[in-house]
Trainee: 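Handing you a structure now.
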Protein chains: 2
Amino acid sequence: MRLVIARCSVDYAGRLSAHLPLATRLLMVKGDGSLLVHSDGGSYKPLNWMSPPCTLASIEPDDDQQAAGVVEVWKVTHQKTADQLVVSIHEVLHDTAHELGVDPGLVKDGVEAHLQQLLAEQIELLGEGHRLVRREYMTAIGPVDILATDASGASVAVELKRRGDIDGVEQLTRYLELMNRDPRLAPVKGVFAAQEIKPQARTLAEDRGIRCVVLDYDAMRGIEGGHARLF
Amino acid sequence: MRLVIARCSVDYAGRLSAHLPLATRLLMVKGDGSLLVHSDGGSYKPLNWMSPPCTLASIEPDDDQQAAGVVEVWKVTHQKTADQLVVSIHEVLHDTAHELGVDPGLVKDGVEAHLQQLLAEQIELLGEGHRLVRREYMTAIGPVDILATDASGASVAVELKRRGDIDGVEQLTRYLELMNRDPRLAPVKGVFAAQEIKPQARTLAEDRGIRCVVLDYDAMRGIEGGHARLF
DNA sequence: ACCTGCATTTCGGCA
DNA sequence: TGCCGAAGTGCAGGT
């Protein structure tokens with residue numbers, strides 16, 4: 001990885017056009033040739049960038065550019081889309097390179113996938129007599145998070161969210177509409193399950209006959225942990 | 001901005017839990033105290049990070065940590081959510097600080113806005129006899145991208161996307177539902193226009209009687225360019 | 001300040 | 001590989 005602090009201006013031409021006026025910034029060149037342009041603020045998103053696969057070429061500035069004070073021009077070209085990022089460097093303040101090696105990568109825990117796994121294992125949280133049919137039940141418009149049956153044997157479609165928002169209710173509504181046209185499944189009841197359900201989402205859901213279930217992630221994990229500890 | 005290359009492990013506890021095993025990485029400390037952990041690959045997204053507003057505290061490693069080879073611990077805490085990022089540094093390979101100043105920021109020229117402008121100018125791409133009523137036609141739940149009339153004089157609401165996804169169909173459906181309650185407009189037809197329409201989105205749209213139109217951005221731009229060249 | 005819609009989204013998962 | 005949905009999404013514009 002090469003780190004350059006430079007006074008520069010940047011132009012991007014690709015899916016859109018964008019321009020960064022002359023200022024001092026960090027240019028981060030990664031091992032795969034990709035480039036990030038960072039300022040000293042904002043969030044983790046760079047001001048501008050080029051994603052791999054791409055190639056960086058350092059070219060001599062032409063007369064006009066030299067007259068404008070440009071000492072070096074970087075042209076970063078995407079290999080597929082031909083998007084181009086042009087960095088006009090006026091002054092290099094720092095330039096170092098470092099060997100980082102391959103990163104072992106991030107280990108995550110606590111996302112929707114885990115919640116889904118836990119709920120599948122503890123399906124009776126939806127009510128006594130519930131049975132899991134399958135996770136990620138495919139329909140023509142996408143996968144339903146969990147398909148189950150209730151004590152009476154009726155189908156139950158579960159939409160699972162970390163935070164239950166109106167969007168999730170809409171999504172579940174679409175699935176229910178579609179699934180209820182399938183005579184092998186109909187009638188299908190809907191359950192909207194989340195760690196936290198926004199009042200507006202709850203209102204909309206209940207108005208549509210969708211049951212809301214609030215999940216206690218820590219408790220669900222604790223039960224799983226308890227089981228694990230038995231072995 | 002402070003740039004540190006270090007062998008380190010990282011733990012994040014907040015909305016989820018995540019862990020980065022020991023490896024050599026770039027730690028970028030921005031002026032607002034925020035921290036980015038970058039590896040030498042991937043895209044612009046850091047392996048891990050803490051967004052502002054947050055505070056960085058360097059603390060002495062305890063005995064266990066020292067025994068494990070930790071020479072320094074950074075604890076980055078978010079000021080509102082109490083999310084925490086802990087960086088356990090085993091070895092510092094590089095450490096420099098740089099004054100960057102405030103960035104003037106990015107100047108963009110967007111796609112959807114341009115696409116909307118082009119379609120407004122070339123409204124007959126929707127079909128012969130179409131006439132533009134107006135762009136960004138306001139409704140109670142938000143602006144419809146384009147309102148037009150067809151050859152028969154009936155209202156046509158156009159939802160415009162770069163990539164036509166199910167969400168866009170939902171959005172248009174909400175607009176149509178509302179507009180069809182307005183006797184001055186009803187009946188309103190729907191057109192879902194995008195550079196590219198996903199099969200599932202097309203299925204959903206056509207199931208709801210919404211017409212799909214695929215736009216050729218380059219061709220549209222070319223026609224505009226042709227006009228422009230005449231002047 | 002909150003909400004909504006867009007993004008050069010990026011990222012993972014599965015058909 | 002392509003498509004689809006989630007993200008510690010970020011970000012801008014409107015209310």
Side-chain angles (χ1 to χ4, degrees), chain A residues 10-18 34-37 42-52 54 76 78 80-85 105-106 108-116 135-145 159-163 165-168 171 174-175 198 200, chain B residues 12-18 34 37 42-52 54 76 78 80-85 105-106 108-113 115-116 136 138 140-145 159-168 170-172 174-175 196-204:
Chain A
V10 183
D11 286 278
Y12 168 75
R15 282 177 252 190
L16 58 72
S17 301
S34 62
L35 176 72
L36 313 188
V37 182
S43 64
Y44 66 69
K45 197 177 180 181
L47 293 165
N48 219 324
W49 71 95
M50 184 61 74
S51 315
C54 62
V76 188
H78 196 275
K80 287 185 187 169
T81 62
D83 289 14
Q84 233 181 30
L85 196 66
L106 190 66
K108 273 192 195 180
D109 172 35
V111 275
E112 188 187 315
H114 194 206
L115 208 58
Q116 187 188 108
R135 295 163 58 182
E136 302 286 348
Y137 178 85
M138 268 316 284
T139 73
I141 55 169
V144 176
D145 289 336
E159 178 60 36
L160 198 60
K161 292 284 176 214
R162 200 164 49 75
R163 282 196 304 232
D165 224 328
I166 278 187
D167 281 0
Q171 198 177 339
R174 286 197 302 272
Y175 288 138
K198 295 285 171 67
Q200 292 184 347
Chain B
Y12 167 75
R15 280 176 253 191
L16 58 73
S17 302
S34 61
V37 182
S43 64
Y44 68 67
K45 196 177 180 182
L47 293 166
N48 220 323
W49 72 95
M50 184 62 74
S51 317
C54 63
V76 189
H78 196 275
K80 285 186 190 169
T81 63
D83 289 16
Q84 230 180 33
L85 196 67
L106 191 67
K108 271 192 194 180
D109 173 27
V111 187
E112 192 190 313
L115 207 58
Q116 188 188 109
E136 302 286 349
M138 266 318 279
I141 54 170
V144 177
D145 289 336
E159 177 62 35
L160 198 60
K161 292 280 177 221
R162 196 163 57 74
R163 280 195 320 227
D165 226 328
I166 277 186
D167 282 0
E170 290 291 2
Q171 197 178 337
L172 179 54
R174 286 197 298 273
Y175 288 138
E196 176 202 349
I197 295 180
K198 295 288 168 67
Q200 293 190 341
R202 176 181 290 273
T203 304
L204 182 65

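Labels below follow one simple rule: chain letters A, B, ... track the order of the sequence lines, proteins then strands, and each chain is numbered from 1.
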Trainee: Kindly compute the distance separating CH2 (B:W49) from CG (B:D83), expressed to the nearest 0.5 Å.
Mentor: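 Reported to 0.5 Å precision, the distance equals 10.5 Å.
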Trainee: Any side-chain heavy atom of B:I166 within less than 4.5 Å of one from A:R174?
Mentor: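 They are in contact (side-chain heavy atoms under 4.5 Å apart), so the answer is yes.
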Trainee: Nearest whole Å is fine: how far is D:dA6 C1' from A:D167 CG?
Mentor: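 Spelled out: CG on A:D167 to C1' on D:dA6 is 12 Å.
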Trainee: To the nearest 0.5 Å, what is the distance between CD on A:Q171 and CG on A:D145?
Mentor: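 One finds 7.0 Å between CD of A:Q171 and CG of A:D145.
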Trainee: Any non-hydrogen side-chain atom of A:Q116 less than 4.5 Å from a side-chain atom of A:R135?
Mentor: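 Counting from C-beta outward, A:Q116 and A:R135 do come under 4.5 Å.
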Trainee: Expressed in angstrom and rounded to an integer, what is the separation of B:Q116 atom CD from C:dA7 atom P?
Mentor: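 Going from B:Q116 (CD) to C:dA7 (P), I get 12 Å.
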Trainee: Round to a whole Å and report the spacing from CG of A:L160 to P of D:dA7.
Mentor: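 That distance rounds to 10 Å.
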Trainee: Does any non-hydrogen side-chain atom of B:S34 lie less than 4.5 Å from one of A:Y44?
Mentor: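 A:Y44 vs B:S34: side chains apart.
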Trainee: Roughly, in whole Å, what's the span from CG in B:D145 to P in C:dG5?
Mentor: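 Result: 11 Å.
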Trainee: Hey, which of these two, A:G14 or A:E136, hits DNA chain C nearer its 5' end, going by closest nucleotide?
Mentor: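 Mapping each residue to its closest nucleotide by heavy atoms, the 5'-most match is A:G14.
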Trainee: May I have the distance from B:R162 (atom CZ) to C:dG5 (atom P), rounded to whole angstrom?
Mentor: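 In whole Å, C:dG5 P lies 18 Å from B:R162 CZ.
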Trainee: Extract from the structure each pairing of a protein N or O with an N or O of nucleotides 10-13 of chain C at less than 3.5 Å, listing the distance.
Mentor:
unit_1 : atom_1 : unit_2 : atom_2 : d
C:dT10 : OP1    : A:S51  : OG     : 3.3
C:dT10 : O3'    : B:S43  : OG     : 2.5
C:dC11 : OP1    : B:S43  : OG     : 2.7
C:dC11 : OP2    : B:S43  : OG     : 2.9

Trainee: Is there a side-chain contact between A:Y12 and A:Q84 in this structure, where contact means two heavy atoms from C-beta onward sitting under 4.5 Å apart?
Mentor: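 No - every pair of side-chain heavy atoms lies 4.5 Å or more apart.
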Trainee: In whole angstrom, give the distance that lies between atom CG of B:L16 and atom C1' of D:dA6.
Mentor: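 Distance check: B:L16 CG to D:dA6 C1' gives 12 Å.
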Trainee: Counting the atoms with a prime plus P, OP1 and OP2 as sugar-phosphate, which does A:M50 contact under 4.0 Å by heavy atoms, base, sugar-phosphate, or nothing?
Mentor: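 Answer is nothing: A:M50 stays at 4.0 Å or more from every strand.
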Trainee: Could you check whether any side-chain heavy atom of A:V144 comes within less than 4.5 Å of a side-chain heavy atom of A:T139, counting everything from C-beta outward?
Mentor: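 Yes - at least one pair of side-chain heavy atoms lies under 4.5 Å apart.
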Trainee: D:dT9 P sits how many Å from B:L47 CG, rounded?
Mentor: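 These atoms are roughly 18 Å apart.
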Trainee: Looking at residues at least two apart in the chain, or sitting in another chain, which of them share a side chain to side chain donor-acceptor pair (under 3.5 Å) with A:D11?
Mentor: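 By the side chain to side chain donor-acceptor pair (under 3.5 Å) rule, A:D11 matches A:H19.
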Trainee: Can a donor-acceptor pair be found, under 3.5 Å and without considering hydrogens, that links the side chain of B:T203 to the backbone of B:P199?
Mentor: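 The answer is yes, because a donor-acceptor pair under 3.5 Å joins these two groups.
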Trainee: I need the CG-C1' distance between B:D83 and D:dA7, as an integer number of Å.
Mentor: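 Rounded to whole Å, this separation is 14 Å.
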Trainee: Between the protein and nucleotides 1-5 of chain D, are there any N/O to N/O pairs under 3.5 Å, and if so, what are the atom names and distances?
Mentor:
unit_1 : atom_1 : unit_2 : atom_2 : d
D:dC4  : OP1    : B:Q200 : N      : 3.4
D:dG5  : OP1    : A:I141 : O      : 3.1

